[in-house]
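These notes concern the structure reproduced below.
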Amino acid sequence: MSEEKSFSMSETANFIHECIKNDLGENTQNIVTRFPPEPNGYLHIGSAKAVYTNFRMAEIYGGKCNLRFDDTNPMREDVEYVNSIKNDIEWLGFKLGDRIFYASDYFDKMYNCAVKLIEKGKAFVCDLTAEQIKEYRGTLSTPGKESPFRNRTIEENLRLFSAMKNGEFKDGEKTLRAKIDMFRPNINMRDPIIYRIAHVTHHNSGDKWCIYPMYDYAHPLEDAFEGITHSLCSIEFEDHRPLYDWFINELDFEVKPRQIEFAKFYIKNTVMGKRYLRQLVENNEVDGWDDPRMVTLAGLRRRGYTPEALRNFLEQTGVSKAMSVVDYSYLEHFAREDLKTKSKVIMAVLDPIKVVITNYPEGKVEMLEIENNQENEAMGTRLVPFSKELYVERDDFMEDAPSKFFRLSVGKEVRFKGAYFITCNEVVKDKSGNIIQLNCTYDEETRSGSGFNGRKVKGTIHWVSAQHAVKIEARLFDFLVFSDDSEQGYHKNPSSIVKMQNAYAEPCVNEANYDDRFQFIRNGYFCLDSRDSRPGALVFNRIVPLKSSYKPE
RNA sequence: AGGGCUGUCGCCAAGCGGUAAGGCACCAGACUUUGACUCUGGCAUUUCGUAGGUUCAAAUCCUGCCAGCCCUGCCA
């Protein structure tokens, strides 16, 4: 990554930079941040912002960032997710090394801290049922009331908590609660539950525990245990900060981590919620967590987005406290910009129509040399076969063309990219009137590279030699949903994927690797589908189309 | 007896009392063997959610109002 550019995050997120500098003074390199996902799903582009913000801040100041699996609720977690999360973060370009931690590794320390709180008279074992606790909590606008078990003796609390740990009670029978204040307007402070009983096998700690700490209790402790200086999280946790600070203070940690919140972002016409993504996967509405239409990192990767494009997007999109809804076109911009000079530019015809060059010798094949990327000469050239029968894009022909149509039409001359000027003379139709072939002639003089300068032509179109072309499938994507004013806020797009199964590409695609990206000239950027493409049956995903200022009438 | 946070161009976003950066999108033009790229120009001054106030001076400070988001899981 380029260093000049990489500092632009310091042009935004200034409220974070200010805190860091105030707290650390000259020693900003001591910063330690963390990204703490619960391993209960795949990372998506929204989570990537939290990944990026935490890792990037540490990177900017030369500090450290931990990946910590916040696995305090065993009923919804799975190792499949821990592996995908590690993989996705490294794919984004952040080195994890020995900085991978598990909240579940701290269960002993957390238990001891809870005992300490009980001993200080700051926590108690409560027998209220879930419904009662809800009732006692009060509402947004009315205060709560105190639990009748709030004033148990320290000795009794200690004995009961130990019994909870030893499995003497059933799920839900008892909880451990912090003793704070049932009358606070901030509901998080109304004697929050800090331990619950769950006789469930944990993916990491197995059956060692049947009590598990709640997020609000576990999180500040995890941060403190790891020496986190700045805990950068999304803004819905702002109301939890007083509780976070309460635990840090009550437990007398030497270094006090500080929580700073930033706003989440949304993308227009995109549902990012984990619940929704999971539902799409479970209902088989998509082809897994890595479906190219999904905004999971796995999906974006399979779609062909590069980590550089994502990082630039996250960088430029900024970090603030104001909720934002970013246009998808902003993401697309960074994808094109990244791919522009590093992709081989080749020709593929997605929706073919046959062209016969009537005055071109039967059986003749010319190998034309065409540059791989006009803006990057280092990418060299390749040889592309040209022959009597070609395919061009159906869209590139029009029978009754308006004057602003610079492509093929009867009587009009256009340039075939890297080849000759071609004039269309005749349209061949089948019985039902569908165009099945265009008969054209070429002008030998106009061969590309010959220096021909006799006349100019307005349009250049791409083509592929019929006998040499490789038949491919090209998949074109659109939004899974469109935003609307309905109650749920969106409706499904019935045509979010279009499979062009009769597409043809230059022979060179046979040598394509899974991590290659191509520009199919005038059609957009494509890459092989890592799941469905195989030799002999290539499947390409369109990463992003090219921009176009052409407006059909 | 509700609390917290946020409002600067269509979308992001700088701005921290001295007279509205930048990017995306869009529009116009130039160039072009991709209608791409690139380049040039345009794009918030009856203006910073709104109404008042303080000040020589306000997007920046104060007050009221309005709008949006979050909070009543033994989820994170």
Side-chain angles (χ1 to χ4, degrees), chain A residues 8 11-12 14 18 36-38 40 70-73 75-77 126 128-130 133-135 137-144 171-177 183-190 192-198 211-212 214-216 218-219 233-242 261 263-265 268 274 313 316-334 336-337 340-341 345 347 370-371 373-375 404-407 414-419 421 448-449 456-462 519-524 545-551:
Chain A
S8 76
E11 287 161 21
T12 179
N14 285 336
E18 273 169 32
E38 181 183 20
N40 67 346
D70 210 356
D71 51 358
T72 56
N73 184 354
M75 19 275 234
R76 15 192 265 173
E77 296 157 7
C126 185
L128 256 25
T129 64
I133 285 187
K134 182 177 167 65
E135 183 199 327
R137 187 157 37 226
T139 71
L140 294 176
S141 54
T142 57
D171 289 8
E173 208 174 319
K174 286 188 165 39
T175 57
L176 183 70
R177 296 228 256 161
F183 307 100
R184 291 282 182 93
N186 183 345
I187 292 177
N188 295 307
M189 300 300 272
R190 317 232 267 228
I193 293 170
I194 63 182
Y195 267 93
R196 78 282 219 179
I197 299 170
I211 58 171
Y212 292 95
M214 300 287 290
Y215 166 87
D216 278 317
H219 205 81
C233 66
S234 46
I235 208 158
E236 70 268 29
F237 293 108
E238 216 157 21
D239 289 340
H240 297 243
R241 186 169 4 113
E261 308 85 11
K264 287 184 176 184
F265 76 105
K268 193 138 189 248
K274 244 183 217 176
F313 170 74
Q316 297 302 320
T317 232
V319 177
S320 70
K321 299 203 58 143
M323 180 194 124
S324 59
V325 183
V326 179
D327 281 345
Y328 192 79
S329 62
Y330 207 28
L331 213 204
E332 292 189 313
H333 161 76
F334 290 105
R336 289 191 199 98
E337 186 174 78
K340 188 167 61 194
T341 54
V345 179
M347 297 190 283
I370 300 183
E371 72 286 344
N373 187 315
Q374 283 186 64
E375 293 168 79
K404 284 288 170 49
F405 187 76
F406 304 142
R407 311 176 190 178
V414 299
R415 184 195 297 277
F416 274 32
K417 168 76 183 176
F421 284 13
S448 288
K456 293 216 182 298
V457 105
K458 194 79 171 157
T460 299
I461 67 173
H462 58 96
Q519 184 193 125
F520 288 175
I521 204 162
R522 302 206 295 145
N523 276 321
L546 256 27
K547 292 208 291 185
S548 171
S549 59
Y550 170 62
K551 293 169 203 73

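In what follows, chains carry the letters A, B, and so on, assigned in the order in which the sequence lines appear, proteins first and then strands, with residues in each chain numbered from 1.
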Where the side chain of [X] is defined as all heavy atoms beyond and including C-beta, which of [options] is the nearest nucleotide?
X	options	value
A:L140	B:C71, B:A25, B:C16	B:C71
A:M214	B:A76, B:A1, B:U34	B:A76
A:K340	B:U6, B:A76, B:U38	B:U38
A:E238	B:G4, B:C70, B:C16	B:G4
A:R196	B:U72, B:C75, B:A14	B:C75
A:S448	B:U33, B:A76, B:G2	B:U33
A:Y330	B:C24, B:C5, B:A13	B:C24

Between P of B:C24 and CG of A:D327, the distance in whole Å:
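Roughly 13 Å, once rounded to whole Å.
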Pair A:E135 + A:R190: basic N to acidic O under 4.0 Å
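Here A:E135 does not pair with A:R190 in a salt bridge, since their nearest N and O are not under 4.0 Å apart.
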When you check the gap from the basic side-chain N to the acidic O, do A:K321 and A:E238 get nearer than 4.0 Å?
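A salt bridge links A:K321 with A:E238.
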Tell me the partner of B:A28, counting only Watson-Crick (N1-N3 plus N6-O4 or O6-N4) or G-U wobble (N1-O2 and O6-N3) with both under 3.5 Å; none if nothing fits.
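In the structure as shown, B:A28 has B:U40 as its Watson-Crick or wobble partner.
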Report the base-pairing partner of B:U33 (Watson-Crick or G-U wobble, both distances below 3.5 angstrom), or none.
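Matched B:U33 with nothing under the 3.5 Å cut-off.
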